[in-house]
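Below: the structure, in structure tokens.
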Amino acid sequence: MPDIPLTLACGDYDRTRALHEGSVRPEGVSLTCLRLPVEEIFFRMARFAEFDAAELSLSSYLLTLDAEARGRFVAIPVFPSRSFRHNGIYVHVGSGIDKPEDLVGRTVGVAEYQLTAAVWIRGILAEHHGVPVDSVRYRTGGLHQPGRVEKIRLDLPESVDITSIPPGRTLSDMLERGEIDALYTPRVPRCFRDGAPTVRRLFETPRAVEAEYFRRTGVFPVMHTVVLRREVYEAHPWVAMSLRKAFEEARLDALHDIDDTAALRHMLPWLSEEVRHTRELMGEDYWTYGLDDANTAAVETLARYSHEQGLARRPFRAAELFAPEALETVLV
């Protein structure tokens, strides 16, 4: 039987490069990999389901599910993007916001309310810093390009004050000018990157804050997962495990010799020291796939935040969200 053709769209990361280059191939699959910006992948998959499989925002995936945890996509427990997000809160220096609690009653920009990074930030601020989700006014739009809209229709509680920014405007420019008080964003805004004197991070030492958060909670936030169109999965359920194994092999390929000092694999002169510090805090294998206890906690924290923020239909359990065939480990 010939391999089945499958199109996969995902970001270009060290942990997916072996798939893009073809040195790792899923069993039984003739894979076409598309390297695209994640915003484009998410929009095209959420709106039109263009790809057989794709990287997808975990928040967006939750929104595609009904109360029975069924939807147009089926996920596998692969997490190509993870990131701490305390570093993604920016404030205007004239806003008087010096600590998280000062965000209450303020106007905050978000590219989309349902962005996974924004869900994490709001959840962390509410749970750990006394900033209730509905205590902030939200303004949505493009970070650097005008006209961005929510890719998925939302039905939010009336208590959430949310409107779009004016046509032709961007969140980065509005923050720099003080037209919004703060910004929650996974991408560094241009105004901050360019050194605008009116913009700073809320947490001046976000790495220290994020490390302490991890020590207290054990949570390494999951941003993205990988999904199959349901019709592809139902026609070939074995593809779920085939893809999971391929992603795992590609991940291990990236992890192997990441801290080799003979010839640096990445253009970071102190990378080996960075890897050592990370492992001291988070363990030897700190970026895993599957549903071990730590990943279950991270996924269920995001699902709970999503439900509390008026997004997910209920606080789904982690095991409900993924193809059961891809959750089992075969022992030999």
Whether the side chain of Glu112 engages the backbone of Lys151 through a donor-acceptor N/O pair (distance < 3.5 Å, no angle test) should be reported. yes
Test of understanding: clusters of I, L, V, M, F, W, Y form through side-chain heavy atoms closer than 4.5 Å, transitively. Do Phe322 and Trp238 belong to the same one? yes
Assigning hydrophobic clusters by single linkage (Ile, Leu, Val, Met, Phe, Trp, Tyr; side-chain heavy-atom cutoff under 4.5 Å), is Ile121 placed with Met174? no
Under a 4.5 Å cut-off applied to non-hydrogen side-chain atoms, are Asp181 and His92 in contact? no
Does a sphere of radius 6.0 Å around CZ in Arg201 hold more than 12 heavy atoms from other residues, nucleotides or ligands, not counting ones at 6.0 Å or beyond? yes
Checking Arg70 now: which residues fulfil side chain to side chain donor-acceptor pair (under 3.5 Å) with it, not counting sequence neighbours? Glu234
Ser135 side-chain N/O to Gly105 backbone N/O, donor-acceptor pair under 3.5 Å: no
CZ (Arg200) with more than 12 external heavy atoms under 6.0 Å: yes
Under 4.5 Å between side-chain heavy atoms, counting indirect links through other Ile/Leu/Val/Met/Phe/Trp/Tyr residues: same cluster for Leu183 and Val110 or not? no
Start with the C-alpha distance between Leu36 and Phe51, add both sets of side-chain angles, then the distance that settles side chain to side chain contact (heavy atoms under 4.5 Å, CB included), and finish with yes or no. CA-CA 12 Å; Leu36 298 169; Phe51 314 107; 4.0 Å; yes
Is it true that atom CG of Asp293 has more than 12 heavy atoms of other residues, nucleotides or ligands lying nearer than 6.0 Å? no
May I ask you to decide if the ring planes of Tyr289 and Phe79 are parallel, tilted or perpendicular, using 30° and 60° as cut-offs? perpendicular
Flag side-chain contact, heavy atom, 4.5 Å: Glu325 against Tyr233: yes
Give a yes or no on whether the ring-centroid distance for Tyr113 and Tyr138 is below 6.0 angstrom. yes
Distance col, row Asp155:CG vs Leu311:CG, nearest 0.5 angstrom, shows 10.0 Å
Return the CZ to CD distance between Arg279 and Glu284, rounded to the nearest 0.5 Å. 5.0 Å
Could you tell me whether the side chains of Arg139 and Thr163 share a donor-acceptor contact shorter than 3.5 Å? yes
Sub-4.5 Å side-chain heavy-atom contact between Asp52 and Val239: no
Side chain to side chain contact (heavy atoms under 4.5 Å, CB included), that's the test. Do Leu202 and Leu103 meet it? Break it down for me. CA-CA 10 Å; Leu202 173 63; Leu103 287 162; 4.1 Å; yes
Short question: side chain of Thr64, backbone of Gly71 - any donor-acceptor pair under 3.5 Å? no
Residue pair Met45, Glu55: steps toward the side chain to side chain contact (heavy atoms under 4.5 Å, CB included) verdict: CA-CA 9 Å; Met45 195 62 169; Glu55 181 179 359; over 6 Å; no
Derivation of the side chain to side chain contact (heavy atoms under 4.5 Å, CB included) call for Phe73 and Arg229: CA-CA 5 Å; Phe73 305 123; Arg229 285 193 290 113; 4.1 Å; yes
Step through the shown structure and confirm whether more than 12 heavy atoms of other residues, nucleotides or ligands are within 6.0 Å of NE2 on His266. yes
Taking 4.0 angstrom as the limit, do Glu280 and Arg276 come out as a salt bridge? yes
Do Leu175 and Val93 belong to the same hydrophobic cluster, where Ile, Leu, Val, Met, Phe, Trp and Tyr are linked whenever their side-chain heavy atoms lie under 4.5 Å apart, directly or via other members? no
Using atom types as modelled and distance alone, determine if a side-chain donor or acceptor of Glu320 lies under 3.5 Å from a backbone N or O of Arg317. yes
So CZ of Phe220 and OH of Tyr286: to nearest 0.5 Å the spacing works out to 8.0 Å
The reported gap from OG1 in Thr140 to CZ in Arg148 (rounded to nearest 0.5 angstrom) is 10.0 Å
Around atom CZ of Arg193, are there more than 12 heavy atoms from other residues, nucleotides or ligands closer than 6.0 Å? yes
Answer yes or no: does atom NZ of Lys245 have more than 12 heavy-atom neighbours from other residues, nucleotides or ligands under 6.0 Å? no
Taking atom CH2 of Trp120 and atom CG of Leu115, what is their separation to the nearest 0.5 Å? 14.5 Å
Answer yes if the ring centres of His224 and Tyr13 are under 6.0 angstrom apart, and no otherwise. no
Strictly below 4.0 Å, N to O, side chains only: are Asp14 and Arg17 in salt-bridge contact? no
Within the distance-only criterion (no hydrogens, no angle test), does the side chain of Glu300 pair as donor or acceptor with the backbone N or O of Ala318 below 3.5 angstrom? yes
Interatomic distance, Ser172 atom OG to Arg187 atom CZ [nearest 0.5 angstrom]: 13.0 Å
Carboxylate-amine/guanidinium contact Glu210 Arg82, below 4.0 Å: no
